[in-house]
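Have a look at the structure below, then the notes.
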2 protein chains.
Amino acid sequence: MALKHSRQRDVIKEFLMTRKDHPTADVVYMNVRQQIPNISLGTVYRNLTLLADIGEIARLRVGDGVDHFDADTSLHYHFICSECGSVIDLKMDNIDHIVDQVNAHFDGNIAGHVTYFYGTCKDCTCKSRGLAPQSQPTS
Amino acid sequence: MALKHSRQRDVIKEFLMTRKDHPTADVVYMNVRQQIPNISLGTVYRNLTLLADIGEIARLRVGDGVDHFDADTSLHYHFICSECGSVIDLKMDNIDHIVDQVNAHFDGNIAGHVTYFYGTCKDCTCKSRGLAPQSQPTS
DNA sequence: AATGAAATTAGTAATGATTCTTATTTTTAA
DNA sequence: TTAAAAATAAGAATCATTACTAATTTCATT
């Protein structure tokens, strides 16, 4: 099944490249409709899956029950805010060495690992201290 | 809302303690029905969630779209076989030190991290080599 | 440029895990 | 014993995602 060009896929990929906040399929759908109003949600899902399968984008599973997508496929790690749910890129060294610790006691083939960090992001930490960065009512 | 005793919850917890393969809610449901035939799937979900919330069991999200549950709440890591989907306990040292690397470049509060390993388990590695441990047809 | 097979799409139905609702039953403190 | 609070069974609802299908688009070959 040779890949054929599609405008829908182009627009999806281009949108994702403009965002560094790791949007969900639904967010991609809502934004891409500004350029292709009658695009189908199924088309968004299919193309996100296809792009992830061929390695052009990354699918992020961060435990919130919804898949996130990232146009940056370089090795990096993510932080998920437990309060607002935002997914933030982290600057840190490669930690693949942790796999070595597993190999020492494990029969089987380790292909890799998934690691993400969670806690409270800067904005939510400020808010909970009553130092809301913008004017936001305390909910 | 003071916790009240319930046989359903007891049986669910007891079942989970007999298993080290991290069953899903549905597997818990099917097994627990042998002791409480008319237990409801909703009751299983509610109690698994409750037990996880009070820390008596752990909820595992391993990226396969289904929650797994573990009666062993001590710190340990898991391996997920990409072929058969089994979730296996790993023996390895605490790797919480990886959080230190994040703190160096991150404004916000890191509460912890989620790490799991994936690849091919021992059994599936053997099978793919044509060394099926039991008599299994090549699919 | 025309042809046609393969790929893609829009629209919609289906799926599957999980949560919610409600009327009924169970627990337990007083 | 009683009654309020908690828990339950059964089923409906939700939500993300996938599957289906008929129509459209792509593109290598005429």
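The figures here come from the full heavy-atom set of this structure, side chains too, leaving out hydrogens, waters and symmetry mates. Here is how names work: the chains are called A, B, and so on, in the same order as the sequence lines, proteins then strands, and each is numbered from 1.
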[X] has an atom [atom1]; how far is it from atom [atom2] of [N], in whole Å?
X: Asp10(A); N: dA7(C); atom1: CG; atom2: P; result: 18 Å
X: Leu50(B); N: dT27(C); atom1: CG; atom2: P; result: 16 Å
X: Asp53(A); N: dA7(C); atom1: CG; atom2: P; result: 16 Å
X: Tyr45(B); N: dC15(D); atom1: OH; atom2: C1'; result: 13 Å

Who are the salt bridge (charged side-chain N to carboxylate O under 4.0 Å, His left out) partners of [X], not counting sequence neighbours?
X: Glu56(B); result: Lys13(B)
X: Arg59(B); result: Asp67(B)
X: Asp21(B); result: Arg19(B)

Between Gln8(B) and dA9(D), is there a side-chain N or O to OP1/OP2 distance below 4.0 Å?
yes

Using OP1 and OP2 only, check whether a side-chain N or O of Arg46(A) sits under 4.0 Å from dT18(D).
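Result: no.
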
Pairs satisfying ring-ring contact (aromatic ring centres under 6.0 Å, His included), at least one member in residues 45-76 of chain B, at least two apart
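Passing the test, one end in residues 45-76 of chain B: His76(B)-His78(B).
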
Strictly below 4.0 Å, heavy-atom distances to any atom of DNA chain C: list the hits from residues 13-42 of chain A, or just say none.
Asn38(A), Ile39(A), Ser40(A)

Please list, in numerical order, the residues of residues 61-72 of chain A that have a heavy atom closer than 4.0 Å to any atom of DNA chain C.
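DNA chain C contact set from residues 61-72 of chain A: none.
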
Qualifying residues under ring pair (Phe, Tyr, Trp, His ring centres under 6.0 Å), relative to Tyr77(B), sequence neighbours excluded:
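Ring pair (Phe, Tyr, Trp, His ring centres under 6.0 Å) list for Tyr77(B), sorted by chain: empty.
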
Sequence neighbours left out, what passes ring pair (Phe, Tyr, Trp, His ring centres under 6.0 Å) with Tyr116(B)? Give chain and number order.
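Per chain and number, Tyr116(B) pairs via ring pair (Phe, Tyr, Trp, His ring centres under 6.0 Å) with no residue.
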
Report the residues that fulfil side chain to side chain donor-acceptor pair (under 3.5 Å) with His5(A), sequence neighbours left out, ordered by chain and then residue number.
Asp10(A)

Would you please name every residue forming a side chain to side chain donor-acceptor pair (under 3.5 Å) with Ser74(A), sequence neighbours left out?
Asp72(A)

Would you mind classifying the nucleic acid contact of Arg9(A) as base, sugar-phosphate or nothing, using non-hydrogen atoms under 4.0 angstrom?
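It contacts sugar-phosphate atoms only.
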
What distance separates Asn47(A) CG from Ile12(A) CD1, expressed to the nearest 0.5 Å?
4.5 Å

Please list all pairs passing the side-chain hydrogen bond (donor to acceptor under 3.5 Å, both in side chains) test where one or both residues lie in residues 100-112 of chain B, with sequence neighbours left out.
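For residues 100-112 of chain B, and leaving out neighbouring residues, there are no side-chain hydrogen bond (donor to acceptor under 3.5 Å, both in side chains) pairs at all.
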
If you restrict it to nitrogen or oxygen atoms, what contacts under 3.5 Å exist between nucleotides 27-30 of chain D and the protein, and what is each distance?
{"unit_1": "dC27(D)", "atom_1": "OP1", "unit_2": "His5(A)", "atom_2": "N", "d": "3.1"}

Ignoring hydrogens and angles, state whether a donor on the side chain of Arg46(B) or Thr43(B) is under 3.5 Å from an acceptor on the partner side chain.
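Yes, Thr43(B) and Arg46(B) have a side-chain donor paired with an acceptor closer than 3.5 Å.
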
